[in-house]
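Data block below; observations after.
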Amino acid sequence: SAVISQKPSRDICQRGTSLTIQCQVDSQVTMMFWYRQQPGQSLTLIATANQGSEATYESGFVIDKFPISRPNLTFSTLTVSNMSPEDSSIYLCSVRTGPNSPLHFGNGTRLTVT
Amino acid sequence: DAKTTQPTSMDCAEGRAANLPCNHSTISGNEYVYWYRQIHSQGPQYIIHGLKNNETNEMASLIITEDRKSSTLILPHATLRDTAVYYCIVRGPGAQGAQKLVFGQGTRLTINP
């Protein structure tokens with residue numbers, strides 16, 4: 001299975017600022033996704049990170065708030081822009097190596113916005 | 001997306017088999033059933049997946065009913081480290097949706113000594 005590294009593992013940020021989260025995979029993968037897990041809740045898919053093109057966002061998530069980059073098959077970034085306390089969550093990168101292969105997750109970035 | 005229904009919580013004694021049920025009555029013929037678990041403060045961990053046949057690996061067994069409307073994840077000899085939230089997921093439909101997984105609320109499994 002792919003080894004997924006996320007940076008930072010946690011951060012405390014002030015309202016109105018932005019944070020960029022990095023996701024690095026140790027092998028080329030076909031699909032990369034970004035999920036959010038709010039306190040005490042299940043995971044919600046934010047978007048699919050597409051290599052070389054704009055990300056595909058789920059309902060309720062927009063590019064201006066969560067810009068995503070994926071310059072190659074092993075790396076992606078998620079930016080949480082103009083943060084508010086409601087953005088306090090765990091943000092998780094996940095990858096899939098093939099259409100029916102399992103989804104593998106990093107350990108996430110725990111974000112607290114004050 | 002096909003919806004799954006799981007009990008909110010379950011308890012099991014250490015050393016016994018933990019049987020976690022999942023209903024997915026609207027599953028389509030080409031949709032897989034995936035199981036993940038999330039131990040506190042960690043990312044979800046893949047356990048097992050299947051389409052029609054029962055599956056077994058080093059972690060667990062997956063029993064899918066013949067009509068595919070429900071399944072059961074079996075942890076044969078539960079340990080305290082198996083305490084986690086267990087998610088049963090059916091892969092979403094569509095070209096793009098076929099690649100993503102939609103998580104429900106899961107079952108909080110507590111293994112008791």
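Proteins get letters first, then strands, A, B, ... in listed order; numbering begins at 1 in each.
The number of heavy atoms from other shown groups lying within 6.0 Å of CZ (B:Arg108) does not exceed 12. Atom CD1 of B:Ile39 has more than 12 heavy atoms from other residues, nucleotides or ligands within 6.0 Å.
Proximity to chain A is absent for every atom of B:Gln45, based on heavy atoms less than 4.5 angstrom apart. Using a 4.5 Å cut-off between heavy atoms, A:Gln37 contacts chain B through its side chain alone, with no backbone atom that close.
B:Ile47 and B:Ile74 fall into different hydrophobic clusters, where Ile, Leu, Val, Met, Phe, Trp and Tyr are joined by side-chain heavy atoms under 4.5 Å apart, directly or via other members. A:Ile21 and A:Met83 fall within the same hydrophobic cluster, where Ile, Leu, Val, Met, Phe, Trp and Tyr residues are linked whenever their side-chain heavy atoms come under 4.5 Å apart, directly or through other members. Cluster membership for A:Trp34 and A:Phe105, using ILVMFWY side-chain heavy atoms within less than 4.5 angstrom, is not shared.
Top candidate by heavy-atom pairs under 4.5 Å with chain B, chosen from A:Leu43, A:Leu92, A:Thr44, A:Ile90, is A:Leu43.
Minimum heavy-atom separation, A:Pro102 to B:Tyr36: C-OH, 3.7 Å.
Checked against the 6.0 Å centroid threshold, B:Phe103 and A:Phe33 do not count as a close aromatic pair.
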